[in-house]
Novice: 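Got a structure for you, questions after.
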Amino acid sequence: HAMRQRSEQLLDSLRQRQRLLEHLFDVQRSISRRRPLAQTLDLITTAAQDLLGDEMVGLWVYDARDTSRAKLVSSVGLAAEVAHEGLTVPLADAGATGVAMLTDDIVVQPDAEGTSGVIAALTGGSLCASMAAPVHDSGTVTGALLVGSYRPDRVYGASDVQTLRAFADQVSLRSEEHSLNSSHITI
(Lines give C-alpha, C1' and ligand atoms only; values in the text may rest on other atoms or scores of the structure.)
Protein backbone atom coordinates (compact mmCIF):
# COMPACT_ATOMS: atom_id res chain seq x y z
CA HIS A 1 0.00 0.00 0.00
CA ALA A 2 2.85 2.42 0.85
CA MET A 3 4.56 1.76 -2.49
CA ARG A 4 1.32 2.39 -4.36
CA GLN A 5 0.82 5.65 -2.51
CA ARG A 6 4.39 6.70 -3.29
CA SER A 7 3.86 5.84 -6.97
CA GLU A 8 0.70 7.97 -7.04
CA GLN A 9 2.55 10.89 -5.44
CA LEU A 10 5.35 10.58 -7.99
CA LEU A 11 2.85 10.47 -10.85
CA ASP A 12 1.07 13.57 -9.49
CA SER A 13 4.41 15.36 -9.24
CA LEU A 14 5.28 14.45 -12.85
CA ARG A 15 1.87 15.66 -14.06
CA GLN A 16 2.35 18.95 -12.21
CA ARG A 17 5.79 19.42 -13.77
CA GLN A 18 4.37 18.67 -17.20
CA ARG A 19 1.67 21.31 -16.70
CA LEU A 20 4.31 23.81 -15.56
CA LEU A 21 6.41 23.13 -18.66
CA GLU A 22 3.34 23.55 -20.90
CA HIS A 23 2.48 26.89 -19.27
CA LEU A 24 6.09 28.09 -19.48
CA PHE A 25 6.21 27.09 -23.16
CA ASP A 26 3.04 29.11 -23.82
CA VAL A 27 4.58 32.13 -22.10
CA GLN A 28 7.86 31.74 -24.02
CA ARG A 29 5.91 31.53 -27.28
CA SER A 30 4.01 34.71 -26.37
CA ILE A 31 7.30 36.49 -25.63
CA SER A 32 9.03 35.26 -28.79
CA ARG A 33 6.06 36.28 -30.94
CA ARG A 34 6.19 39.72 -29.31
CA ARG A 35 2.59 39.62 -28.18
CA PRO A 36 1.42 42.79 -26.44
CA LEU A 37 2.87 43.12 -22.96
CA ALA A 38 -0.52 43.12 -21.24
CA GLN A 39 -1.49 39.89 -23.02
CA THR A 40 1.71 38.14 -21.92
CA LEU A 41 1.34 39.34 -18.32
CA ASP A 42 -2.28 38.16 -18.22
CA LEU A 43 -1.14 34.79 -19.60
CA ILE A 44 1.40 34.52 -16.76
CA THR A 45 -1.06 35.45 -14.00
CA THR A 46 -3.69 33.07 -15.36
CA ALA A 47 -1.15 30.25 -15.67
CA ALA A 48 0.08 30.83 -12.11
CA GLN A 49 -3.50 30.67 -10.83
CA ASP A 50 -4.20 27.49 -12.78
CA LEU A 51 -1.05 25.68 -11.72
CA LEU A 52 -0.95 26.72 -8.06
CA GLY A 53 -4.72 26.36 -7.67
CA ASP A 54 -5.10 29.57 -5.67
CA GLU A 55 -8.05 31.90 -5.98
CA MET A 56 -6.16 35.09 -6.77
CA VAL A 57 -3.00 36.27 -8.49
CA GLY A 58 -1.76 39.82 -8.90
CA LEU A 59 1.26 41.27 -10.63
CA TRP A 60 2.43 44.50 -9.03
CA VAL A 61 5.22 46.85 -10.15
CA TYR A 62 6.75 49.98 -8.69
CA ASP A 63 4.70 53.02 -9.63
CA ALA A 64 6.90 55.03 -12.02
CA ARG A 65 5.77 58.32 -10.44
CA ASP A 66 6.20 57.23 -6.81
CA THR A 67 8.43 54.25 -6.01
CA SER A 68 7.02 54.02 -2.50
CA ARG A 69 3.86 52.66 -4.14
CA ALA A 70 3.01 49.48 -6.06
CA LYS A 71 0.82 49.49 -9.16
CA LEU A 72 -1.40 46.56 -10.17
CA VAL A 73 -0.78 45.68 -13.83
CA SER A 74 -2.40 42.24 -14.14
CA SER A 75 -4.69 40.19 -11.93
CA VAL A 76 -6.99 37.20 -11.75
CA GLY A 77 -9.57 36.60 -9.04
CA LEU A 78 -9.56 40.00 -7.38
CA ALA A 79 -12.75 41.93 -6.62
CA ALA A 80 -13.53 43.71 -9.92
CA GLU A 81 -14.94 46.80 -8.24
CA VAL A 82 -11.63 47.57 -6.53
CA ALA A 83 -9.03 45.89 -8.74
CA HIS A 84 -8.66 48.08 -11.80
CA GLU A 85 -5.93 49.03 -14.18
CA GLY A 86 -3.51 51.41 -12.57
CA LEU A 87 -4.59 50.80 -8.96
CA THR A 88 -1.71 51.90 -6.74
CA VAL A 89 -1.12 51.23 -3.05
CA PRO A 90 1.67 52.16 -0.64
CA LEU A 91 4.26 49.37 -0.39
CA ALA A 92 3.61 49.29 3.36
CA ASP A 93 -0.02 48.35 2.60
CA ALA A 94 0.77 45.80 -0.12
CA GLY A 95 1.23 42.80 2.23
CA ALA A 96 3.53 40.05 0.96
CA THR A 97 3.93 41.97 -2.31
CA GLY A 98 5.47 44.99 -0.60
CA VAL A 99 7.77 42.85 1.52
CA ALA A 100 8.95 40.84 -1.53
CA MET A 101 9.65 44.06 -3.42
CA LEU A 102 11.56 45.62 -0.54
CA THR A 103 13.58 42.54 0.45
CA ASP A 104 14.11 41.01 -3.02
CA ASP A 105 13.06 37.64 -1.67
CA ILE A 106 10.11 35.28 -1.79
CA VAL A 107 7.70 35.95 1.06
CA VAL A 108 5.21 33.41 2.38
CA GLN A 109 2.46 34.59 4.70
CA PRO A 110 0.83 31.43 6.06
CA ASP A 111 -2.15 33.28 7.50
CA ALA A 112 -4.11 36.51 7.11
CA GLU A 113 -2.36 38.30 9.98
CA GLY A 114 0.06 40.15 7.69
CA THR A 115 -2.70 41.16 5.30
CA SER A 116 -3.23 44.88 4.95
CA GLY A 117 -6.63 46.53 4.73
CA VAL A 118 -6.03 47.23 1.04
CA ILE A 119 -5.31 43.59 0.21
CA ALA A 120 -8.23 42.49 2.39
CA ALA A 121 -10.50 44.80 0.36
CA LEU A 122 -9.14 43.44 -2.92
CA THR A 123 -9.90 39.89 -1.81
CA GLY A 124 -13.25 40.63 -0.20
CA GLY A 125 -11.75 39.80 3.19
CA SER A 126 -11.29 36.17 2.14
CA LEU A 127 -7.49 35.93 1.94
CA CYS A 128 -6.12 33.23 4.27
CA ALA A 129 -2.56 32.73 2.96
CA SER A 130 -0.35 34.41 0.39
CA MET A 131 3.03 34.20 -1.25
CA ALA A 132 4.92 36.75 -3.37
CA ALA A 133 8.06 36.54 -5.49
CA PRO A 134 10.06 39.54 -6.70
CA VAL A 135 10.21 40.41 -10.39
CA HIS A 136 13.38 41.89 -11.86
CA ASP A 137 14.50 44.01 -14.78
CA SER A 138 18.25 43.85 -15.46
CA GLY A 139 18.84 42.54 -11.94
CA THR A 140 16.84 45.27 -10.19
CA VAL A 141 13.56 44.55 -8.41
CA THR A 142 10.71 46.13 -10.36
CA GLY A 143 7.73 44.39 -8.78
CA ALA A 144 6.30 41.17 -7.39
CA LEU A 145 3.98 38.37 -8.40
CA LEU A 146 1.47 37.58 -5.65
CA VAL A 147 -0.69 34.48 -5.22
CA GLY A 148 -3.29 34.12 -2.52
CA SER A 149 -5.61 31.48 -1.21
CA TYR A 150 -9.02 31.78 0.41
CA ARG A 151 -8.66 28.31 1.95
CA PRO A 152 -7.68 28.31 5.64
CA ASP A 153 -5.80 25.00 5.25
CA ARG A 154 -3.55 26.26 2.38
CA VAL A 155 0.14 25.65 3.06
CA TYR A 156 2.79 26.71 0.56
CA GLY A 157 5.52 24.11 0.13
CA ALA A 158 8.88 24.10 -1.62
CA SER A 159 7.35 23.09 -4.96
CA ASP A 160 4.88 26.01 -4.73
CA VAL A 161 7.77 28.39 -4.10
CA GLN A 162 9.64 26.99 -7.13
CA THR A 163 6.55 27.31 -9.32
CA LEU A 164 5.93 30.91 -8.30
CA ARG A 165 9.60 31.72 -8.84
CA ALA A 166 9.39 30.23 -12.36
CA PHE A 167 6.45 32.47 -13.24
CA ALA A 168 8.14 35.53 -11.69
CA ASP A 169 11.19 34.74 -13.82
CA GLN A 170 8.97 34.72 -16.92
CA VAL A 171 7.73 38.20 -16.01
CA SER A 172 11.36 39.23 -15.54
CA LEU A 173 12.28 37.89 -19.00
CA ARG A 174 9.43 39.85 -20.54
CA SER A 175 10.35 42.99 -18.63
CA GLU A 176 13.91 42.86 -20.01
CA GLU A 177 12.29 43.60 -23.35
CA HIS A 178 9.69 46.15 -22.21
CA SER A 179 9.74 48.30 -19.10
CA LEU A 180 6.95 47.18 -16.76
CA ASN A 181 6.91 50.60 -15.15
CA SER A 182 6.00 52.34 -18.36
CA SER A 183 2.82 54.28 -18.15
CA HIS A 184 1.49 52.89 -21.43
CA ILE A 185 0.67 49.36 -20.25
CA THR A 186 -2.85 48.58 -21.38
CA ILE A 187 -4.61 45.81 -19.49
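Below, each value reflects all heavy atoms present in this structure, side chains not excepted, and no hydrogens, waters or symmetry copies. Computed from a predicted model, the values in this text were never measured in an experiment.
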Novice: For the residue pair Leu87 and Trp60, establish whether any side-chain heavy-atom pair is separated by less than 4.5 Å.
Specialist: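 Contact flag for Leu87/Trp60 side chains = yes.
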
Novice: Would you call Leu145 and Leu164 a side-chain contact if the rule is heavy atoms closer than 4.5 Å?
Specialist: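 Side chain of Leu145 against side chain of Leu164, heavy atoms only: contact under 4.5 Å found.
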
Novice: If you round to the nearest 0.5 Å, how far is CE of Met56 from OG1 of Thr45?
Specialist: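 Taking OG1 in Thr45 and CE in Met56, the distance rounds to 10.0 Å.
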
Novice: Does Leu59 belong to the same Ile/Leu/Val/Met/Phe/Trp/Tyr cluster as Val107, with side-chain heavy atoms less than 4.5 Å apart forming each link?
Specialist: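 Leu59 and Val107: separate clusters.
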
Novice: Over all heavy atoms of both residues, which pair between Ser130 and Leu127 is shortest? Give the atoms and the distance, please.
Specialist: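 For Ser130 and Leu127, the tightest heavy-atom pair comes out as CB-CD2, 4.1 Å.
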
Novice: First locate atom OH of Tyr62, then atom OG1 of Thr140, and finally report the distance between them rounded to the nearest 0.5 Å.
Specialist: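 It comes to 10.0 Å.
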
Novice: Return the set of residues passing side-chain hydrogen bond (donor to acceptor under 3.5 Å, both in side chains) with Glu55 (not counting sequence neighbours), or none when no residue passes.
Specialist: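 With sequence neighbours excluded, Glu55 shows a side-chain hydrogen bond (donor to acceptor under 3.5 Å, both in side chains) to Ser149, given in chain and number order.
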
Novice: Would you say Ser75 and Val57 make side-chain contact, with heavy atoms under 4.5 Å?
Specialist: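 No. Closest side-chain heavy atoms not under 4.5 Å.
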
Novice: Is it true that, when you exclude Arg165 itself, more than 12 heavy atoms of the residues, nucleotides or ligands shown sit nearer than 6.0 Å to its CZ?
Specialist: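 No.
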
Novice: How would you list, by chain and number, every residue that makes a side-chain hydrogen bond (donor to acceptor under 3.5 Å, both in side chains) with Arg4, sequence neighbours excluded?
Specialist: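 Residues passing side-chain hydrogen bond (donor to acceptor under 3.5 Å, both in side chains) with Arg4: Glu8.
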
Novice: Quick check: do Phe167 and Leu51 have side-chain heavy atoms less than 4.5 Å from each other?
Specialist: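 Heavy-atom side-chain distance check passes, below 4.5 Å.
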
Novice: Is there side-chain contact between Arg151 and Cys128, with heavy atoms separated by less than 4.5 Å?
Specialist: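 With C-beta onward as the side chain, the pair stays apart.
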
Novice: Who passes side-chain hydrogen bond (donor to acceptor under 3.5 Å, both in side chains) against Asp104, sequence neighbours left out?
Specialist: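 Partners of Asp104 by the side-chain hydrogen bond (donor to acceptor under 3.5 Å, both in side chains) criterion, ordered by chain and then number, come out as His136.
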
Novice: How long is the gap from CZ on Arg65 to OG1 on Thr88, to the nearest 0.5 Å?
Specialist: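 These two atoms lie 7.5 Å from each other.
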
Novice: For Val76, which fellow cluster members are found when Ile, Leu, Val, Met, Phe, Trp and Tyr are connected by side-chain heavy-atom distances below 4.5 angstrom, either directly or through intermediates?
Specialist: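 Val76 clusters with nothing; isolated.
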
Novice: Is Leu91 close to Thr67 at the side-chain level, that is, under 4.5 Å between some pair of heavy atoms?
Specialist: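 Thr67 does not reach Leu91 side chain to side chain.
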
Novice: Atom OG1 of Thr163 and atom CE of Met131: how far apart are they, to the nearest 0.5 Å?
Specialist: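 Thr163 OG1 to Met131 CE: 7.5 Å, rounded to 0.5 Å.
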
Novice: Give the minimum heavy-atom separation between Ala96 and Gln109, together with the two atoms involved.
Specialist: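 Where Ala96 meets Gln109 most closely, the heavy atoms are N-OE1, 3.6 Å.
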
Novice: Looking at every non-hydrogen atom in both residues, tell me the closest pair between Ala133 and Ile106 and how far apart they are.
Specialist: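 Scanning both residues completely, I find the closest heavy atoms to be CB-CG1, 3.8 Å.
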
Novice: Mind checking side-chain hydrogen bond (donor to acceptor under 3.5 Å, both in side chains) for Asp66 and listing every partner two or more places apart, or none if nothing turns up?
Specialist: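 side-chain hydrogen bond (donor to acceptor under 3.5 Å, both in side chains) list for Asp66, sorted by chain: Ser68.
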
Novice: Suppose we screen for salt bridge (charged side-chain N to carboxylate O under 4.0 Å, His left out). Which residues come up paired with Arg154, at least two apart in sequence or across chains?
Specialist: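 In terms of salt bridge (charged side-chain N to carboxylate O under 4.0 Å, His left out), with neighbours along the sequence ignored, Arg154 is linked to Asp54, Asp160.
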
Novice: Tell me whether Val99 shares a hydrophobic cluster with Tyr156, the cluster being built from Ile, Leu, Val, Met, Phe, Trp, Tyr side chains joined at under 4.5 Å.
Specialist: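 In one cluster: no.
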
